[in-house]
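One structure below.
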Amino acid sequence: MSSATFNGRTESLPADADALLVDVLRDQLHLTGTKLVCGAGVCGACTVLLDGVPVVSCLLPAKAAAGKSITTVEGIGAPRLHPMQKAFMALDALQCGFCTPGFIVEATAFHDLWRAAHGAATPSRDVIGAALSGHLCRCSAYDNIFRAVSEACAGRYDGDVVASPRVEARDKVTGAAKYTVDIKHDGQLEGLVLRSPHAHARITSIDFAPALAIPGVKAAIDLLDSDREVRFVGQQIAAVAAIDRSTAAKGLAAIKIAYSVLPSVIGADAARHASAPLVFTGNATPANASEGTVMRARWKGNVRGPTAAFSQKKKKARAWIAAARAAGDPRLVEGTYRTSIQQHTSLEPHAAVARFDGDRLTIHVSTQSVFELAGKIAKRFKLDRQNVHIVAEHVGGGFGSKGTLGNETMIAIQLARSANAPVRVVFDRDEELSVAGYRPGAEIQVSLLPGADGALKALSMRAHADAGTGVNSMISGLARLIYPAEAKDLVDFDIVSNLPPGAPFRGPGGPPMAFALEQAIDDAALRLELDPIVLRKRWDTNQNRQRLYDWAQGLECWRTIAKPATKTGRYRRGVGVAAGYWLYLWQLNTKVELSVVGGRLSASTAVQDIGTGIRSVIADTVAREFGLEAHEIDVRIGSSNLPEGPTSGGSRTTASVVPPLIQAADKLKAELNKRAGRAPKPGSNAPWRDLIAASPDLRVTAQRGEDDASLARGQRSLLKDAGWIGTIFGWMMRRFSHMAVGAGAPSSVQVVEVEVDTWLGHVRVVQVHTGIAVGRVASMPLARGQAAGSIIQGLGYALYECREVDPKSGVILTAGLEDYRIPGIADTPLIDVHFDEGGFDHVLGGSVGIGEVATVPTAAALANAVYNAIGLRPREIPLRPDRLLSLLEKGSSA
Amino acid sequence: MSDQTSSFPAEFRAAGTDLSERRRSGVSRGAIVDIDVASAMTEITWDETGAGHIGAFVTIAAIAADARIALNYPAFSAAAAGLATPQIRNVATIGGNLAQRSRCWYYRNPHVACLKKGGPTCPARDGNHLYGVAFDLGPCVTPHASTMAAAILAYDGTIVTTSRPMLQIRNFLGDGSSAQDNSLVPGELITTIQMPPPVPEAGFYKRAISRTHAEWPLVELVTRLSIADGKVRTASLVAGGIAPVPLRLSGAEKVLLGSAISASTIGDACSAAIAAAKPLPMTVYKLQLLRGLMHDVLGRLESNP
């Protein structure tokens, strides 16, 4: 038997020729810092050092390690942190942390070679970008990774100081942080899912006996709905739990199934034809691709809609626009825009580990919603809520895809029950990139009519969303809450086809709406011969964005903007602007507990940190209230047994937990004073530290209250501006989603500079300026990271990311990270983040969420910049080389 | 699984950067043959003519880092530096790079039949061939995956295998008329890549991709040129990513030979390069990219009027 040295210890290697190093590390040696993400050598999350050289352990045969020395993230910086780890921590070069071990391994190797060759010189951005090109970070912490690598190489982190604005950063840079995929109970089984090879079929028989006869297969369950039909390739049919993955795979292969194949239709274009086979018949219901409640709507063939509740004088809007079109009114701006399907691509896949102890269920889940999930599971599986414990200590990204009770969770629970043993279900990357949800694609027609007085008279937006077997995408409706007009005709349709269902994704509906509307506004500015920011200032009455427009007008690149017609040559530069908003949401019933235990201050609530940094926001907020350092606060989150906390969705966590934390801090201070019999010493540097240290154990709780409307400076809930439907919508959100829509509009205005290579169809984003108004920033470095990451994700949406399918079979072709292309570090532009901290004084603490608003306008601003560069309007994203070259060719022949 | 295994061919394994992914997905299910590596296979040696002999187990990173390779075969060196990711280059071997299988998304899907897996038809041809060929030379519409093969073709290199001592690279690759990725027969292993004696020349490698790094080429171009007295004396241009095999752009070479490089010769060379193209409905853009790459590379050598 051969062996190898792992972080200095000799261990034997398996004899199996197919064994891969990543599995030896994770399963045999429990070195779970090394993460398996793409399984194809693309993302680098599994990178380790083989005799000092970075390699991807997901492709390295275990045999190839024989006689060699392997260093994993756990072996780097042990016993003392490497300067690179300190730099990643200090400069917050991470968010969810799932890619971080791979980056750390590569960056430390790069650092050591660089320092040996160049001393303390600073490597350039290009050098760093090339060196780390084998790594992907979906949170897109690249901006800070650049900073960390260059500063560590320059020797700025050689000292002993270890600090980070992110409280769990140390666990993430050392590989100690445990995610759901890393959980391993004694006797734990592995669950795999059998998926449909057909786009539409009825399963006429299914026989589990051959699977159950295989030694090591412990359970096999049926996952079909009562109609026994599957409606997309990859739809779940059955699941098997077995002692290991390969046995489970054998079990799946042994299940005997008979299919009756039914007519199918792939993609929205084909599905809207009158002759297309119907996707849903009988009592079958589509999935909900949104966060909103599914309302009744008309169906015509595979087209659902119109839903047009957010229209306003829609008949007038239609009549005015029709008349303008008939009269050839030069002010009328019209266009059709297409946006592609965007996959969430969380680096930690959907995963759950379920374990029953009698009636008690403990389930680790990669979820955005520990608290609500416990209730949903209790209801679904008829368990006592008290007996359901959800744990999500660290979550490797979510972006909206992990907000509900997911299939992986239900399957793990059912298998655990059936097998009477703990079961882990972890989606493979191909499952993650096909059946785990996505931002629906859309075709959006816009007509925008300025009046003779220069005001916005009428707006029409008709969106057809493509969410496979999902419905309820709202895109056009969101255009009600920006740019007030005399009349608006806002219509949404869903087109269903035999493809997997979409899911909410960061600002659902927002980026496609902005992509169409903000380009139409840009066109209108050209027609009216106005600066696009001047026109927005005229039409957009929101006070938060008015301040951001003033900021944008002052940008150097904006002031030196050139007319598009003058641009020629291979490389053409352009600048574009776009605006965005999101609702300010907070979760009703959010509770926090502050306690003093053993002289230390502790804050708890059942929220979860999916990389957004809420753990640090809590620590920072409490520390600020008591004049302490963040590391003096113990933060307990990620467990459903804690006081009710918010779901990480709708940008609501900060606005939900900060106000009750401040209230709880006031209560605790009163308690501390009462017990101490005195107020803190005036003039003391840390008046509360001594009182807390000396205090007996104490516990206070506070619940999120309503905002103080008197401080809102005339701002109202955006929904109030949408008339009666807004009121109903707001009521429904409170009633069914436990969310309140507060006053004021979280806003962003972005200015993007691009350089278009007209020969190779490549768009290089030079710089992005983002102005963001989300009130007072609760934790500046983390908010900045969120803003930068949102932009990079938005650039991926605009330039690279596109799900591709086989038009006949419905097979998802972009099922790996090689073909589904997310931005890498070298695609990161310079990013300038400007926070306007006013506007939310009515919120205790003054802070609302940032995650969604920061990504809404990015694709639109990029498109406007490309237009400015080449004088041609990119109406379809992603703007890949094939599309850009085709646009240029059409333009030159026009 | 044994009955399944027997119907799948055994495969050699070098570093496994291609094979491991196909093992995990189930596309490759035959036996694995790990190679007993002779030390000669891990070295670069130079003979008395100055020609380089590159062992099949030399890594791509070692080729990219070798100063003598860079001096003698600049386009070959640049191609090695420009492919995949640093971690892949650190272990991937040149032999494995040449013998790697297609990156076609139908081929890589274990649930889909295709010609390369013994199926009856090419599903990409009438399906989604966004990354397919623009020179439709055979039954299969996916471009060849090997960047190093394109570079070796530009140098007219020779492949030494366990059964053939002098296999011309063009014969190793074939003309694209079969669904095979190369002409190796079962049990045949690449041992050495033999390069020609070096000549003074300028050499370039450039790929067109959508992002900045780490992406399979939409189109790639390997260029070797020598210029004397303002005229092109030798020219070798190979395009990858655009045909079922790396494509020698002979028409373009003819236009260039004996001419001064000017805007008009570049234009003529581009026209000649794509004269025989047969793009598919979704791949017309690849011809635009090839023109763009030729303009980029040849433009650097344009003589000032």
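So that the names make sense, note that chain A is the first sequence line, chain B the second, and so on, each numbered from 1. Owing to the predicted nature of the structure, the values given are computational and were not obtained by experimental measurement.
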Can A/Glu804 and B/Trp105 be said to form a side chain to side chain contact (heavy atoms under 4.5 Å, CB included), step by step? CA-CA 10 Å; A/Glu804 295 285 343; B/Trp105 49 24; 3.7 Å; yes
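- Contact of A/Val233 with chain B is not made at all, since no heavy-atom distance falls under 4.5 Å.
- Of residues 204-211 of chain B, those residues lying under 4.5 Å from chain A by any heavy-atom pair are B/Lys206, B/Ala208, B/Ile209, B/Ser210, B/Arg211.
- Only the side chain of B/Arg13 comes within less than 4.5 Å of a heavy atom of chain A; its backbone N, CA, C and O stay farther away.
- Residue A/Arg883 does not touch chain B at all, counting heavy-atom pairs closer than 4.5 Å.
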Taking it one step at a time, do A/Ser809 and B/Val112 satisfy side chain to side chain contact (heavy atoms under 4.5 Å, CB included)? CA-CA 10 Å; A/Ser809 65; B/Val112 176; 5.8 Å; no
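- At a 4.5 Å heavy-atom cutoff, the contact between A/Ala130 and chain B is made by backbone and side-chain atoms alike.
- Remark: A/Ser886 OG to B/Gln288 CD distance equals 7.0 Å, nearest 0.5 Å.
- No side-chain heavy atom of B/Met282 sits less than 4.5 Å from a side-chain heavy atom of A/Asp882.
- Of the atoms belonging to A/Val811, it is side-chain heavy atoms, and not backbone ones, that fall under 4.5 Å from chain B.
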Could you walk me through whether B/Ile88 and A/Leu59 pass side chain to side chain contact (heavy atoms under 4.5 Å, CB included), step by step? CA-CA 9 Å; B/Ile88 297 291; A/Leu59 297 180; 3.8 Å; yes
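- Using a 4.5 Å cut-off between heavy atoms, A/Cys38 makes no contact with chain B at all.
- Nearest heavy atoms, B/Pro86 versus A/Glu106: CB-OE2, 4.2 Å.
- Summarising the geometry of A/Gly134 relative to B/Gln87, their closest heavy-atom pair is O-NE2, 3.0 Å, with the distance given to 0.1 Å.
- Side chain of B/Arg24 to main chain of A/Cys58: a donor-acceptor pair is present (N/O by atom type, distance under 3.5 Å, no hydrogens or angles).
- For A/Asp827, the side-chain hydrogen bond (donor to acceptor under 3.5 Å, both in side chains) partners at least two apart in sequence or on another chain are B/Thr212.
- Note: B/Trp216 CH2 to A/Asp819 CG = 10.5 Å, rounded to the nearest 0.5 Å.
- In this structure, B/His111 NE2 and A/Arg195 CZ are separated by 10.0 Å, a value rounded to the nearest 0.5 Å.
- Here the shortest heavy-atom pairing between B/Asn128 and A/Val805 reads ND2-O, 3.3 Å.
- Contact tally against chain B (heavy-atom pairs below 4.5 Å) for A/His762, A/Arg880, A/Lys63: the top residue is A/His762.
- Between A/Arg570 and B/Asp296 the shortest side-chain heavy-atom distance falls below 4.5 Å.
- Summarising the geometry, atom CG belonging to A/Asp16 is positioned 8.0 Å from atom CD1 belonging to B/Ile32; distances are rounded to the nearest 0.5 Å.
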